There are 2 protein chains.
Amino acid sequence: MRIGELAGRTGVSVRALRYYEEQGLLEPERSPSGQRLYSESAVERVTFFQDMYAAGLSSRRIVELLPCIDTGLTDEAQRRMLRAERDRIGGTVDRLRTALRRLDDVIAIAEARAAAR
Amino acid sequence: MRIGELAGRTGVSVRALRYYEEQGLLEPERSPSGQRLYSESAVERVTFFQDMYAAGLSSRRIVELLPCIDTGLTDEAQRRMLRAERDRIGGTVDRLRTALRRLDDVIAIAEARAAAR
DNA sequence: CTTGCCTCTGACGTCAACGTCAGGTTCTAG
DNA sequence: CTAGAACCTGACGTTGACGTCAGAGGCAAG
């Protein structure tokens with residue numbers, strides 16, 4: 001598929017897809033005229049990138065991650081990095097859940113007061 | 001307490017604390033010589049800011065949030081904003097949990113291969 | 001009193017993940 | 001065949017949350 005379709009199916013911008021390529025995250029085929037051609041699996045890859053970005057990983061970290069995912073082969077340093085990122089994301093999740101609870105409290109109070117008005 | 005102590009106790013930089021003040025998030029007292037003096041409650045406030053930043057809220061959003069938290073009084077637009085942010089954070093948490101699972105899978109495979117070597 | 005650390009204001013620097021624009025090519029529907 | 005959508009390669013712009021530096025003043029210990 002071409003870049004516009006991939007953008008539509010993943011919900012990211014065309015510019016973002018080209019940016020991912022710049023960063024070494026995606027290497028689409030090219031048509032004879034030079035247009036990018038993506039395989040079906042690119043859809044899942046891009047959503048994976050989005051998950052990782054949402055988790056606070058940088059492009060470079062994701063690049064480091066890719067060979068681990070593609071081949072499953074890792075050295076000790078890579079495994080340490082994986083565990084470190086995992087722990088960091090776990091911490092972020094905890095913080096977000098805290099934030100959610102605090103927001104829920106605020107909302108509950110706000111709506112109670114609004115209803116009692 | 002002075003700014004350095006608050007920074008140490010919250011784990012954020014001195015610069016960040018001054019930035020929060022610029023954004024209208026914190027309004028510390030001042031000593032006669034002009035040094036910032038923070039109350040105990042500032043510690044919790046700052047960690048709250050960090051939670052919200054981690055959840056992807058901007059400084060301006062947090063500013064909008066503060067009166068809701070301090071007074072509990074809200075108008076309908078504010079309540080809509082609160083619910084929208086809540087939902088957005090919920091979505092982020094879901095994505096992060098997905099990212100965690102995917103990372104866990106990668107780690108499991110990587111460690112199994114490393115152990116089998 | 002002076003040494004060394006903390007603090008002040010003001011201002012410019014940074015960085016990542018894109019947005020946006022220019023100027024040109026390619027594809028597709030009618 | 002032609003209009004318009006989609007695509008291409010640069011290249012510069014944007015934004016938020018700080019980092020960093022300069023130059024000056026404040027404070028506790030010996």
Side-chain angles (χ1 to χ4, degrees), chain A residues 1-39 42 45-66 81 85 88-89 92 95-96 99, chain B residues 1-39 42 45-66 81 85 88-89 92 95-96 99:
Chain A
M1 81 196 78
R2 293 192 303 173
I3 198 169
E5 186 181 344
L6 181 58
R9 287 176 57 180
T10 56
V12 313
S13 71
V14 166
R15 177 66 177 93
L17 292 176
R18 291 201 268 249
Y19 174 76
Y20 297 162
E21 187 174 349
E22 272 179 42
Q23 301 303 305
L25 298 178
L26 276 177
E27 289 178 30
E29 303 293 307
R30 294 293 182 131
S31 77
S33 66
Q35 298 201 344
R36 293 170 178 82
L37 296 178
Y38 298 90
S39 63
R45 276 225 160 194
V46 170
T47 64
F48 175 74
F49 297 156
Q50 290 299 104
D51 288 338
M52 292 301 145
Y53 282 128
L57 275 76
S58 65
S59 295
R60 211 166 54 215
R61 271 284 185 262
I62 302 177
V63 168
E64 293 177 38
L65 224 57
L66 283 183
M81 183 270 282
E85 291 294 348
R88 209 185 43 70
I89 297 173
T92 302
R95 303 199 84 169
L96 292 199
Chain B
M1 79 196 78
R2 293 192 301 172
I3 197 169
E5 187 182 343
L6 181 59
R9 287 175 59 182
T10 56
V12 312
S13 71
V14 166
R15 177 65 176 92
L17 293 176
R18 292 201 267 251
Y19 175 76
Y20 297 162
E21 187 174 347
E22 271 179 43
Q23 301 303 305
L25 297 178
L26 275 177
E27 290 178 29
E29 303 292 305
R30 294 293 183 131
S31 78
S33 66
Q35 298 200 344
R36 292 171 178 81
L37 297 177
Y38 297 90
S39 63
R45 277 226 160 193
V46 169
T47 63
F48 174 74
F49 297 155
Q50 290 299 104
D51 288 337
M52 292 301 144
Y53 282 128
L57 275 76
S58 65
S59 295
R60 209 165 55 213
R61 271 284 186 262
I62 303 177
V63 168
E64 294 177 37
L65 224 58
L66 284 182
M81 183 269 282
E85 291 295 348
R88 209 184 43 70
I89 297 173
T92 302
R95 305 200 82 166
L96 291 199

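Letters A, B, ... mirror the listed sequences (proteins, then strands); counts begin at 1. Owing to the predicted nature of the structure, the values given are computational and were not obtained by experimental measurement.
In this structure, Ile62(A) atom CD1 and dC18(C) atom P are separated by 9 Å, rounded to whole Å. Separating the CZ atom of Phe49(A) from the P atom of dA16(C) is a distance of 17 Å, rounded to the nearest angstrom. For the pair Glu21(B) CD and dT7(C) P, the computed distance is 14 Å after rounding to whole Å. Taking atom CD on Glu29(B) and atom P on dT7(C), their separation rounds to 17 Å, with Å as the unit.
Counting non-hydrogen atoms of other residues, nucleotides and ligands closer than 6.0 Å to CD of Glu5(B) gives a total above 12.
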Could you run down the sub-3.5 Å N/O contacts of the protein with nucleotides 15-17 of chain D?
{"unit_1": "dA17(D)", "atom_1": "OP2", "unit_2": "Tyr19(B)", "atom_2": "OH", "d": "3.2"}
{"unit_1": "dA17(D)", "atom_1": "OP2", "unit_2": "Ser59(B)", "atom_2": "N", "d": "3.4"}
{"unit_1": "dA17(D)", "atom_1": "OP2", "unit_2": "Ser59(B)", "atom_2": "OG", "d": "2.9"}

Polar atom pairs (N or O), protein with nucleotides 7-10 of chain D, under 3.5 Å:
{"unit_1": "dC7(D)", "atom_1": "OP1", "unit_2": "Gly4(A)", "atom_2": "N", "d": "2.6"}
{"unit_1": "dC8(D)", "atom_1": "OP1", "unit_2": "Arg36(A)", "atom_2": "N", "d": "2.8"}
{"unit_1": "dC8(D)", "atom_1": "OP1", "unit_2": "Arg36(A)", "atom_2": "NH1", "d": "3.0"}
{"unit_1": "dC8(D)", "atom_1": "OP2", "unit_2": "Arg18(A)", "atom_2": "NH1", "d": "2.6"}
{"unit_1": "dC8(D)", "atom_1": "OP2", "unit_2": "Arg36(A)", "atom_2": "NH1", "d": "3.4"}
{"unit_1": "dC8(D)", "atom_1": "O5'", "unit_2": "Arg36(A)", "atom_2": "NH1", "d": "3.4"}
{"unit_1": "dT9(D)", "atom_1": "OP1", "unit_2": "Arg30(A)", "atom_2": "NH1", "d": "3.1"}
{"unit_1": "dT9(D)", "atom_1": "OP1", "unit_2": "Arg30(A)", "atom_2": "NH2", "d": "3.3"}
{"unit_1": "dT9(D)", "atom_1": "OP2", "unit_2": "Arg36(A)", "atom_2": "NH1", "d": "2.9"}
{"unit_1": "dT9(D)", "atom_1": "OP2", "unit_2": "Arg36(A)", "atom_2": "NH2", "d": "2.7"}

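A salt bridge links Arg61(B) with Glu64(B): at least one charged nitrogen is closer than 4.0 Å to a carboxylate oxygen. Salt bridge present: Glu85(A) and Arg88(A) bring a charged side-chain N and a carboxylate O closer than 4.0 Å.
Between the side chains of Tyr20(A) and Ser59(A), no donor-acceptor pair is found at a separation under 3.5 Å. Gln50(B) and Arg95(A) share no donor-acceptor pair across their side chains, judged by distance under 3.5 Å alone.
Using a 4.0 Å heavy-atom criterion, one finds that Ser13(B) contacts the sugar-phosphate atoms exclusively.
In this structure the side chain of Thr10(B) never reaches within 4.5 angstrom of the side chain of Phe49(B), judged on heavy atoms. No side-chain heavy atom of Arg45(A) sits less than 4.5 Å from a side-chain heavy atom of Leu25(A).
The ring pair (Phe, Tyr, Trp, His ring centres under 6.0 Å) check on Phe48(B) picks up nothing, with sequence neighbours excluded.
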